[in-house]
Amino acid sequence: MDDSALLSSLLDFLAKGGPSIWAIAALSVITLALILWKLWDLAYLGAWRRTTPGEEAIALWAAGDTAAAEARLAGRKGLRSRFIRAAFEAHRNAAYDDAGAEAETVRVAKGFLARARSGLRPLELIATIAPLLGLLGTVLGMISAFQTLQEAGAKADPALLAGGIWEALLTTAAGMAVAIPASIAFTGFEAVADRLRHEFEDMATRIFLRPRAKTDRTIQMAQAAE
């Protein structure tokens, strides 16, 4: 089949499906673009990479070698490395007490997780509305088929009704064909974000197991409490 014949078949398919099929076709393009962009985005953020540098940095940090721990992450742009550096900075910041340092680390973690989840809501929405658009197209097509059958009266041809029904069902199939990969992609990307959240929690816990240096503010608060 040459390109012109393929294009003609595609346009014929879209014409038979009515307005709903055009909306579903647009959603299919958006879905593919979102999935490809999110795969690239997570790769850029380092979501697929191993955490060896981060683990080594945390081990050095726990051993008390702060300079080596920070040097191990120097120049790294992945989410895990950036989060660990932020946790190190919050831990060492004399302006924070223990609760403040942990709260700042949680704030940074939430921002990174929101960045990792960007683009997932549109995929979730497409997975929800694509089947509904398909069902709407089917219902409209069935109404049109039965109207045609009614107008034909006693001379109605069953083949005409059958043809109208299968054309109407095209939109349901198309809606499901778009919704299924969108749902799979959304679930997979959400699982990656959940794994990052668990890793952030684990890394923050190990970082803050190291006692923080006593600051003037902490000493003053302790003296005031006495």
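Worth saying up front: this structure is predicted, and the values here are computed from it rather than measured.
Looking at residues two or more places apart in sequence or on another chain, you find a side-chain contact (heavy atoms from CB on, under 4.5 Å) between Leu133 and Ala23, Ile24, Leu27. Shown here are the salt bridge (charged side-chain N to carboxylate O under 4.0 Å, His left out) partners of Glu102, two or more places apart in sequence or in another chain: there are none.
Linking ILVMFWY side-chain heavy atoms closer than 4.5 Å, directly or via other members, places Leu120 and Leu79 in two distinct hydrophobic clusters. Linking Ile, Leu, Val, Met, Phe, Trp and Tyr whenever their side-chain heavy atoms come within less than 4.5 Å puts Val108 and Ile58 in one cluster. A single hydrophobic cluster is seen to contain both Phe186 and Ile30, as judged by linkage of ILVMFWY side chains at heavy-atom distances under 4.5 Å, directly or through other members. Residues Ile84 and Val106 do not share a hydrophobic cluster, defined by chaining ILVMFWY side chains whose heavy atoms lie under 4.5 Å apart.
In this structure, CH2 on Trp37 lies 7.5 Å from CG on Leu34, to the nearest 0.5 angstrom. Distance NZ/Lys38 to CZ/Phe189: 7.5 Å, rounded to 0.5 Å. In this structure, Phe112 CZ and Leu196 CG are separated by 11.0 Å, a value rounded to the nearest 0.5 Å. Here the straight-line distance linking atom CZ of Phe200 with atom CZ of Arg195 works out to 11.0 Å at 0.5 Å rounding. Atom-to-atom distance recorded for Ile126:CD1 and Arg121:CZ is 13.5 Å, nearest 0.5 angstrom. Atom CG of residue Leu123 and atom CD1 of residue Ile35 lie 6.0 Å apart, to the nearest 0.5 angstrom.
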* Run the side chain to side chain contact (heavy atoms under 4.5 Å, CB included) check on Thr66 and Arg92 step by step: do they pass? -> CA-CA 10 Å; Thr66 301; Arg92 292 188 295 104; 3.8 Å; yes
* After noting the C-alpha distance and the side-chain angles of Glu70 and Glu89, does the key distance pass the side chain to side chain contact (heavy atoms under 4.5 Å, CB included) rule? -> CA-CA 10 Å; Glu70 294 179 341; Glu89 292 174 3; 5.5 Å; no
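Shown here for Ile21 and Thr171, the closest heavy-atom pair between the two residues is CD1-CA, 4.0 Å. Across all their heavy atoms, Ala47 and Val192 have their closest contact at CB-CG1, 3.8 Å. When all heavy atoms of Leu73 and Phe88 are compared, the pair lying nearest together is CD1-CE1, 4.2 Å. Taking both residues in full, the closest heavy atoms of Leu113 and Ala193 are given as CD2-O, 3.7 Å, listed atom of the first, atom of the second, then distance. For the residue pair Thr105 and Ala90, the shortest heavy atom distance occurs at OG1-CB, 3.6 Å. Minimum interatomic distance between Phe83 and Ala109 (heavy atoms only, all atoms of both residues): CE1-CB, 3.6 Å.
Between Glu190 and Arg117 there is a salt bridge, with a side-chain nitrogen of the basic residue lying less than 4.0 Å from a carboxylate oxygen of the acidic one. Arg197 and Asp202 are not joined by a salt bridge, as no carboxylate oxygen comes within less than 4.0 angstrom of a charged side-chain nitrogen.
Without hydrogens or angle criteria, Arg72 side chain to Gly54 main chain gives no donor-acceptor distance under 3.5 Å. Of the possible polar contacts, none joining the His91 side chain to the Ala86 backbone as a donor-acceptor pair under 3.5 Å is found. Judged by distance alone, the side chain of Ser118 and the main-chain N or O of Arg115 form a donor-acceptor pair under 3.5 Å. One N or O on the side chain of Thr205 and one on the backbone of Glu201 form a donor-acceptor pair closer than 3.5 Å.
Contacts classified as salt bridge (Lys or Arg N to Asp or Glu O under 4.0 Å) and involving residues 75-84 (residues at least two apart or in different chains) are given here: Arg80-Glu199.
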